[in-house]
Amino acid sequence: HNNFGIILWKSRIIIYKGIITSMKKKIAETVEQEINEGEVFFLKEEHAPYNTSSRELYFRNKNIWLFRGDSLDECLFDKEFIDLIVTSPPYNVGIEYNSNDDTLAYEHYLDFSHKWINNCFSWTKKQGRLLLNIPLDKNKGGHRSVGADLTTIAKKIGWKYHSTIVWNEGNISRRTAWGSWKSASAPYVIAPVELIVILYKDSWKKTMGSKISDVSRDEFMEWTNGLWTFNGESKKRIGHPAPFPRQLPYRCIKLFSYVNDVVFDPFCGSGTTLIEAHLNKRRAIGIELDKDYCEIAKKRISNEITLFD
């Protein structure tokens, strides 16, 4: 009787293992199907999340869409389609972009910021998130609390504040002036860090999407510490006046989005966000105003896909 019970118990374990294996296989097949169907969905013109008469589809490869257009154009998209925005807008610190004036009066810069942040809010899903890489402050053209001011604008628009990551750039020095040298008269204090402000639309908890996270235990533990330290990117190597390093979108995408989510960058630049989104099995949509930068992004994306896919 005891032997029969042991045999029956072992048989049940084998059956349960078979069921679990079958379920895992079915889940994997479902996810793959969702990814493929997601790609087809975005390809169908009647479902395209953009105004075809307003913008130029500059480049497409697999699950990446790069548009040449202006993120200030509220008619660019007419649907809520974004799961995660990872972007670094112009800082208004005198960088020589091809197609953007980076020397606006501060009030005009805040108006510019309001327009694109508001547009992104309209295009983002209810559970969507915005990870905004901006300076803590600036002293060029007057001392300004850029991080606080843009966060305030976003909150007035309707974005909800979650937290802030402080990025210690390591090899980047923002020391351009000392003020009153070795004197209490008027010294300047400069923090060699940038911010990644974390905002969300309606609900912080994600209940929609594939629900598949691919962040490892070690990554999760390290990245949920709000001080990130890694080097900035070389302008000369990328060919863009203000590229950000791949570690930045890589961490943001892995930590704050699911596999197959739609990742968006309204200031695509050299295409770094799109590359990292694709390599980590997300769908990527980017906007870039300047044709030369679109071409840089196109070449980088094509090279990376060929290299890693």
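In what follows, residues are counted from 1 in the order of the sequence shown. Values below: every heavy atom of this structure, side chains too, minus hydrogens, waters and symmetry copies.
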Under 3.5 Å: donor-acceptor pair, side chain of Asp261, backbone of Gly209: no

Under the side chain to side chain contact (heavy atoms under 4.5 Å, CB included) test, residues paired with Lys299 that sit two or more places apart: Glu295

Residues in side-chain hydrogen bond (donor to acceptor under 3.5 Å, both in side chains) contact with Ser145, at least two apart in sequence or another chain: Asp149

Minimum heavy-atom distance between Pro192 and Asn168, given as atom pair plus value: O-OD1, 4.0 Å

Spacing of CD1 belonging to Ile82 relative to CZ belonging to Phe77, to within rounding of 0.5 Å: 6.5 Å

Spacing of SG belonging to Cys268 relative to OH belonging to Tyr58, to within rounding of 0.5 Å: 11.5 Å

Approximate separation, where rounding is to 0.5 Å, of Trp159 CH2 and Thr124 OG1: 3.5 Å

Partner of Glu276 by side chain to side chain contact (heavy atoms under 4.5 Å, CB included), out of Val86, Ile253, Val263: Ile253

Salt bridge (Lys or Arg N to Asp or Glu O under 4.0 Å) against Asp265, all qualifying residues, sequence neighbours excluded: none

Leu130 side chain near Cys120 side chain, heavy-atom distance below 4.5 Å: no

Met208-Tyr200 co-clustered via ILVMFWY side chain contacts under 4.5 Å: no

Nearest heavy-atom neighbours spanning Leu150 and Leu110: CD1-CD2, 3.9 Å

Residues in side-chain hydrogen bond (donor to acceptor under 3.5 Å, both in side chains) contact with His162, at least two apart in sequence or another chain: Trp204

Smallest separation among heavy atoms of Ile196 and Cys252, with atom names: CG2-SG, 4.3 Å

Arg60 (side chain) donor-acceptor with Lys62 (main chain) under 3.5 angstrom: yes

Nearest-0.5 Å distance that lies between atom CZ in Arg68 and atom CG in Asp290: 7.0 Å

Residues that Lys298 engages under salt bridge (Lys or Arg N to Asp or Glu O under 4.0 Å), provided they are two or more places apart: none

Heavy-atom closest pair, residues Ile134 and Val146: CD1-O, 4.5 Å

Note, Asn63 side chain near His278 side chain (heavy atom, < 4.5 Å): yes

Thr87 vs Phe264 side-chain heavy atoms within contact, under 4.5 Å: no

Residue list, salt bridge (Lys or Arg N to Asp or Glu O under 4.0 Å) with Asp83, at least two apart or on another chain: Lys125

Working for side-chain contact (heavy atoms from CB on, under 4.5 Å), residues Arg246 and Leu279: CA-CA 11 Å; Arg246 292 178 58 165; Leu279 293 180; 3.2 Å; yes

Gln127 atom CD, over 12 foreign heavy atoms within 6.0 Å: yes

Under the side-chain hydrogen bond (donor to acceptor under 3.5 Å, both in side chains) test, residues paired with Arg282 that sit two or more places apart: Asp214, Ser257

Rounded distance (nearest 0.5 Å) linking atom CG of Leu136 with atom CG of Leu195: 5.0 Å

Min side-chain heavy-atom separation Trp123-Pro266 under 4.5 Å: no

Contact summary for Val215 and Lys254, nearest pair of heavy atoms: CB-O, 3.7 Å

Check: Leu76 and Asp70 side chains under 4.5 Å, non-hydrogen atoms: no

Residue Lys115 excluded, over 12 heavy atoms near NZ under 6.0 Å: no

Under the salt bridge (Lys or Arg N to Asp or Glu O under 4.0 Å) test, residues paired with Glu222 that sit two or more places apart: Arg251

Contacts of type ring-ring contact (aromatic ring centres under 6.0 Å, His included), residue Tyr258, not counting sequence neighbours: none

Spacing of CZ belonging to Arg129 relative to OG belonging to Ser203, to within rounding of 0.5 Å: 8.5 Å

Residues which pass side chain to side chain contact (heavy atoms under 4.5 Å, CB included) with Thr152, listed by chain and number, not counting sequence neighbours: Lys156

With Tyr250 via ring-ring contact (aromatic ring centres under 6.0 Å, His included) - residues at least two apart: Trp223

Donor-acceptor contact below 3.5 Å, side chain Ser210 vs main chain Val259: yes

side-chain hydrogen bond (donor to acceptor under 3.5 Å, both in side chains) involving Thr164 - partner list, sequence neighbours excluded: Tyr161

Side-chain (Glu288) to main-chain (Gly269) donor-acceptor, under 3.5 angstrom: yes

Side-chain touch Leu132/Pro89, heavy atoms, less than 4.5 angstrom: yes

Non-hydrogen side-chain atoms of Pro249 and Phe244 separated by less than 4.5 Å: yes

Co-membership, hydrophobic cluster, residues Met221 and Trp228, 4.5 Å side-chain: no

Heavy-atom closest contact (Ser71 atom, Asn119 atom, distance): O-ND2, 2.9 Å

Phe220 side chain near Ser213 side chain, heavy-atom distance below 4.5 Å: no

